[in-house]
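What follows is a set of notes on a single structure, which appears directly below.
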Amino acid sequence: MLRSNPAKKVAFITLLSASMGLFTANVAAQEQPFELGVTKVSNGDVVSYQGECFKAKNSPGTWEAPKSGSWFWEQVTCSNDTVEPPVAPEPPVVEPEPPVTEPEPPTTDIPSDVTPFVLGETRVANGDVVSYQQQCYIAQNNPGVWEAPKAGSWFWEPTNCGSTTEPPLTCTLPEVLIDNQCVIPPVECPDGSSAATAEECPVIPPVTCPDGSTADSVELCPPAKVVCDDGSVVDDIAQCPVTPVTCPDGSTAGSVADCPVTEVPTSMTVTSDGKGGYLIPRAEFVAIEKSLTSGELFDLVRSDTVTLDNASVEAVLPLRAANPENVKRAESIVDEALWEFLFPIRNPAYTYNRFLQAIAKFPAFCRTYTDGRDSLAICKRSLATMFAHFVQETGAHAPNWEGALGNPEWRQGLYYVREVYKSESDTTGPYNKCTGWAGERWPCANKSYFGRGAKQLSWNYNYGPFSEAMFGDKMVLLEKPELVADTWLNLASAVFFYVYPQPPKPSMLHVIDGTWQPNAADKANGIEHGFGSTIQIINGAFECGKGSTTAQAKARIAYYKEITSYLNLDISGEKLDCADMKAFDTAGAGALEVYWDKDWGWDANTPGNHSFKCKLVGYQTAYSAWTAGDYELCVEDNFNVQATDANGEIIPK
């Protein structure tokens, strides 16, 4: 997706101010003027910035503004050859800013047991004391290696370096250190206000429950009712009457999987309908579909893409006793305080509650493994992987932007909820394929299907299948794509991508939990277990197999390292890069063809010698192997066919 760097706005304002004549001092002619976000320098280059001169060191980037005391710049004396500023309008009268008072140097020598802080290297824990530029500081709020100690920092508290230094104060989550005191941050109340504790939140009116009744909170609502396929209403989907299907032998069963094993027809029974079309028994469609979609890998993927009903999803709340098991496991790893820490400048649409609901929708995510695999470790690795990709896909990517509030790039994820420069008023765009098979199966509804949500879901032919998975109705999100940005779907769309395979690529879930095991073809392509293979899955064509690590892959890896370090997850020995990885191919262990397309073969025993069959393919079509009955639709649409029942009667569509 196209991104806009919020920090560029700062550069634009700086340049605009200069063009209006706000000169602060004469600039030396010999020195190169430094423009934020534009000027590239090498170590040793001398530049002028805001009337002062600096020499570059430690390879500064274009966004490292020259300033006194910077790790990237050394202040030097400007040359005597100066030029007068151009004639400009009289500048407006601006009140001078009060001088910044630097902390006084310590009155005693720095003890030998105080760790010197080296920018980019020194890692500390809350309460550690370090020395930096002849001053001592106590770490608080988990500073990273690039948060330089300074007075007024959220991450550091100045302290005396002498022997009288008091023991540092440490806090445990959810408390944070503010003004040398451990305090619990205020909570957000349901009405949008804040309070010291949830108990002090204002009393809000009763909520409306799914059954139309009211209660003081969602937790107190009666259990949600489920509407079955036959229109009956029950408390749980397991209580729904089983809708029988017609098996190939003419009998009925609860599902296709329960049908007796029958011989798959080698040739279709095709008769004329007398109107230029053809008739084929549905039993033959069912038999062929079952035979082509049976197997261990198909069964595994089916089990991993099962979804929870939406009423149960929307009842999920943080720390709710009735939360699904996989949600409780995720909560034990990432609580609300940690969510706030990891994504401090996220779009308000990405709430912690929606994060839990997104996980609830897919029971396979952070599930319980009963075969000896470590469920907690797999859940932690799944979250770290997904979060690292969040930062790359929807992060602000503005290390020195004041709007980042001092947070490093790895904690700037989920900043965007909609693709940059796109709005809901758009009705057309580059992501609308409204003609051909895609337009027929996933019709555009006078909407634009640009990137939305944590995974930036795009195109109508992706909104439609996601809508069917979420609601059983393709038109819900085709008509209201904004729901992918404004509801729990903004995070569920990312989990959807995580658990579904993209043949010949396996799902990221199967890569991380070990279900996918690389075969000889995968290994020959350099594909192994680890974070690198998830980069290959998400954007391999652009970021992998280039011989050296691309900038995008390097960023993803850096974010992954920071997040796994914070979660105390051991990633030693894991293959993180994908520079030498070729693409997944059809010979790999993850190859699984999951779409139906016309079989162009021939049959000597049918009218016109047509096959009257469809085949599984690895490219996307209008017919999915995950949707029961799509095989029949594929044959009907491609060969002008109607299905008949056991009595030879046409079955209405």
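Note that this is a predicted model, so its numbers are computed, not measured.
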For this session: Return the minimal non-hydrogen interatomic distance between His529 and Pro518, and the atom names on each side.
Result: NE2-CD, 3.7 Å

Problem set entry | Test log, rule ring pair (Phe, Tyr, Trp, His ring centres under 6.0 Å), inputs Phe54 and Phe72 | CA-CA 10 Å; Phe54 302 85; Phe72 296 102; over 10 Å; no

Seminar exercise, completed: From the list Tyr431, Trp442, Tyr463, ring pair (Phe, Tyr, Trp, His ring centres under 6.0 Å) with Tyr449 holds only for Tyr463

Problem set entry | Arg367 to Phe365, cation-pi by 6.0 Å centre distance and 45° axis angle | no

Exercise. Does Lys455 make a cation-pi contact with Phe497 (under 6.0 Å, within 45 degrees of the axis)?
Worked result: yes

Exercise. Taking atom types as modelled, is there a side-chain donor on Asn310 or Lys361 under 3.5 Å from an acceptor on the other?
Worked result: yes

Problem set entry | Residues, nucleotides or ligands: over 12 heavy atoms within 6.0 Å of Lys57 NZ | yes

Problem set entry | Lys/Arg-Asp/Glu bridge criterion (N-O < 4.0 Å) met for Lys480, Glu424 | no

Exercise. Any chance NZ of Lys328 has more than 12 other-residue heavy atoms, nucleotides or ligands included, within less than 6.0 Å?
Worked result: yes

Problem set entry | Over-ring placement of Arg411 relative to Phe341, 6.0 Å and 45° cut-offs | yes

Problem set entry | Other residues, nucleotides, ligands: >12 heavy atoms within 6.0 Å of Lys422 NZ | yes

For this session: Compute the ring centroids of Tyr350 and Trp488, then answer whether they are less than 6.0 Å apart.
Result: no

Problem set entry | Ionic contact status for Lys546 with Asp580, cut-off 4.0 Å | no

Exercise. Are Ser423 and Asp426 side-chain neighbours, meaning at least one heavy-atom pair lies under 4.5 Å?
Worked result: yes

